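From a predicted model like this one, the values you see are computed outputs, not experimental measurements.
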Amino acid sequence: MQFKYPELFWALFLLLIPIFIHLFQLRRFKKTPFTNVKFLKKVVSESRQSNTLKKWLLLFTRMLLLAAFIFAFAQPFFAKKSALKDKETVIYLDDSFSMQLKEESNTLLENAVQELIKKLHPEDQFSLFTNSKIFKNTNLQDIQDEIIALQNSNNQLKINEIYLKGRTLFSSDPTTEKNLIILSDFQQLMGVPQTDSVTSINSHWVALRFDDIKNVAIDSAYIESETSENLNLLVNLSGSGSLENIPVSLFNGEKLVAKTSASFNDSKTATVNFSIPNNEAFDGKIEISDSGLTYDNLLYFTIDKKEKIKVLAVIDSQNNFLDRIFTDDEFIYTATDLKSLNYSSLASQNLIILNNLYQIPSSLTTSLKAFTDNGGHLAVIPAADINLNSYDVLTASYSSSTILQKVRGAREITTISFSHPLYQNVFEKNVTNFQYPKASEFYQITTTAPSALTFQGNEPFLAGSKSFFLFTASLSTENSNFINSPLVVPTFYNMAAGSLKLPPLYSVLGESISIDIPTSLAQDDILKLKKGDYEFIPQQQSLNNKVSLSFNEGLQEDGSYAIRQSGKTIKYISFNYNRNESNLSYINVNEQKIATTSTTISSLFETIEKDNSVTELWKWFVILALVLLFIEALIQKYLK
């Protein structure tokens, strides 16, 4: 038992008053004449015994009565220790795409919002945050309309991020009890929190799930093969729960152009194919209809007329292997010797390759430096014998690269940097039994650029990244067999592809990407993205013959966007939501030990209210005092 005003117990000293009255009360006896003295003694004895009993009963009754009133004013109560502290409540409401699952007509998110509105007192102070919004130190009356209108977000916080963000919404007062309530379906992709992020916080998890889980998702799409007339588009689907055949539709804009059926195998995946005309712009949309999540039922893609990449090779060799790599369907390839080089054409190129030159003129060095400063890419392949000074003047501007002395003696190229941009998507796995090419002699270099290919002994064979690449050995057939190896095609193809980053089939929202638009901007002109009435200005850099656009977290909605310049559409680009949440696998919340768990929001709030409840006892002490007052009256009346 605890007391609200324990200082009132000093009033218990008042119990001494009835004791003093009882002990020092003067008794006066009246003499009554009787003829028989013996009978008188008996009456006096019985009267004294009865009177003494009555006085003792009255004494105890009055002391209990006074004590009952003192206890009542001290306001006794029963409560847990936590119920006596001031409370701070922070609620995380998961509004990610996985909360789109429906049971009957309502989604998980809608059900959670409705239960919160029922259980939260309208004027109670709390903080609430979702994956995209924060409501700090508010009450239900102020935010009710906003949480009812919540839309699902393409962002999903990890559990550790939820705790870190939740901690920022609590005060720094160490005397308050801090409760973090997490309302989510707890997908496995949310991870597990670090132990130090949950200390000093009472966390409560409510796992919001339905028993019947069923979903079909469009995972990905890509061009599997192509002919001169058609492209073969392959679409991958995956599912959860009991699955049946499902129709898959292909649209060009709003026009339905093809429809097929997807049949799922034992691993709950399916693949369908569509044939699309080649060399035609295609504003694609793949659509399915299922009863699960809705965000993954659409996949947008864009196929524009191919922009050909301009490649210029300045060569001094009869064996020009590059014309077999840079074919007419994807590249505009030009080869010229140094004497015939038109310097004015350099600025219009995307990639320039210096191949097998003995000396690099200073005028060319100056032009190439201006070319790369304006977004152009450069690759340098030295001759067997070179003028070191002329090469160093050029290479010193790129990653502080310096060519040193020639090293003679055959060496194999034994190491491929699979993480290098040139080879990131070339190999399905890291190759260990590859038949590596070799070179008879090479040049030692010093550079801060990463190595893409290295010799045995860790000497670079190909170094560079972004806009500059430097080979350390001549690629003539007399010196190296590199041009006959399988590495030559992806190496030079990816160099050229990186010089003009064309929009992919589609991009994923939230991932950082960069694309190049082959256009020139006038002063104060910018490129905009437009979808319906929505316009977005991406980060952009105007270069000599292209505009580089960068995307990270600015766009929030999927779809096909028109890239517009001066009010005119010049290209399309498509974005889709990440499909991670389509995998409906969940954390076993009962196995974690950092939080209490509940199956419903109602049961959680009932538990919290029970833990915070206070049982007041002062009314019972008032009733006891009244009963004792009634008992005193009975003693006064009936006990003679």
Heavy-atom pair with the smallest gap, counting every atom of Ser249 and Lys259: OG-CE, 3.4 Å

Qualifying residue, where the test is ring-ring contact (aromatic ring centres under 6.0 Å, His included) with Trp205 and the options are Phe186, Tyr586, Tyr92: Phe186

Gap between atom CD1 of Ile573 and atom CD1 of Ile515 - 0.5 Å precision: 3.5 Å

Carboxylate-amine/guanidinium proximity below 4.0 Å for Lys501 and Asp516: no

Gap separating the CG atom of Leu109 from the CD atom of Gln114, nearest 0.5 angstrom: 10.0 Å

Leu208 and Asp94: CA distance, side-chain angles, deciding distance, side chain to side chain contact (heavy atoms under 4.5 Å, CB included) verdict: CA-CA 10 Å; Leu208 306 175; Asp94 187 357; over 6 Å; no

Tyr436 and Thr415 side chains, donor-acceptor separation under 3.5 Å: no

Step-by-step side chain to side chain contact (heavy atoms under 4.5 Å, CB included) determination, Glu115 to Ser602: CA-CA 7 Å; Glu115 281 199 69; Ser602 298; 2.9 Å; yes

Nearest atoms (heavy-atom pairs only) where Pro538 meets Phe551: CB-CE2, 3.6 Å

Worked check of side-chain hydrogen bond (donor to acceptor under 3.5 Å, both in side chains) between Ser582 and Asp296: CA-CA 7 Å; Ser582 298; Asp296 55 13; 2.6 Å; yes

Parallel, tilted or perpendicular: ring planes of Phe301 versus Phe282, cut at 30 and 60 degrees: parallel

Nearest-0.5 Å distance that lies between atom CD1 in Ile276 and atom CG in Asn232: 9.0 Å

Test: Lys285 cationic atom under 6.0 Å from Phe251 six-membered ring centre, within 45° of axis: yes

CA sep, side-chain torsions, deciding dist, call: Ser240, Asn215, side-chain hydrogen bond (donor to acceptor under 3.5 Å, both in side chains): CA-CA 5 Å; Ser240 303; Asn215 182 56; 5.5 Å; no

Interatomic spacing from OG in Ser127 to NZ in Lys165 - rounded to 0.5 Å: 12.0 Å

Non-hydrogen side-chain atoms of Leu116 and Ile91 separated by less than 4.5 Å: yes

Test log, rule side chain to side chain contact (heavy atoms under 4.5 Å, CB included), inputs Phe210 and Asn111: CA-CA 11 Å; Phe210 292 139; Asn111 286 345; 3.8 Å; yes

Heavy-atom pair of closest approach, residues Ile416 and Tyr423: CG2-CD1, 3.9 Å

OH-OH distance between Tyr506 and Tyr300, expressed to the nearest 0.5 angstrom: 14.0 Å

Check: Asp283 side chain, Ser560 main-chain N or O, donor-acceptor pair, under 3.5 Å: no

Modelled atom types, side-chain donor and acceptor of Thr454 and Ser451, under 3.5 Å: no

Criterion side-chain hydrogen bond (donor to acceptor under 3.5 Å, both in side chains) on Ser98 and Glu581, from CA distance to verdict: CA-CA 6 Å; Ser98 62; Glu581 292 190 64; 3.1 Å; yes

For the student: nearest non-hydrogen atoms of Met495 and His377, plus distance: O-ND1, 4.4 Å

Side-chain donor-acceptor contact under 3.5 Å, Glu88 with Thr176: yes

Check: Asn494 side chain, Pro490 main-chain N or O, donor-acceptor pair, under 3.5 Å: yes

Shortest non-hydrogen separation from Lys546 to Gly375 and the atoms involved: NZ-O, 3.0 Å

Candidate pair Tyr577 and Glu557, rule side-chain hydrogen bond (donor to acceptor under 3.5 Å, both in side chains), full reasoning: CA-CA 8 Å; Tyr577 295 121; Glu557 186 177 345; 5.8 Å; no

Working for side chain to side chain contact (heavy atoms under 4.5 Å, CB included), residues Asn152 and Met99: CA-CA 7 Å; Asn152 291 95; Met99 298 288 284; 4.0 Å; yes

Separation between CG of Asp558 and CG of Asn578, rounded to the nearest 0.5 Å: 12.0 Å

Residue pair Gln187 / Ser585, side-chain donor-acceptor N/O under 3.5 Å: no

Residue pair Asn155 / Ser153, side-chain donor-acceptor N/O under 3.5 Å: no

Pair Phe126-Phe135, ring pair (Phe, Tyr, Trp, His ring centres under 6.0 Å): steps then yes or no: CA-CA 9 Å; Phe126 62 91; Phe135 307 95; 9.0 Å; no

Backbone N/O of Ile594 and side chain of Gln592: donor-acceptor pair under 3.5 Å: yes

Test item: side-chain donor near acceptor, Asn297 and Asp290, under 3.5 Å: yes

Centroid-centroid distance, Tyr561 to Phe536, less than 6.0 Å: no

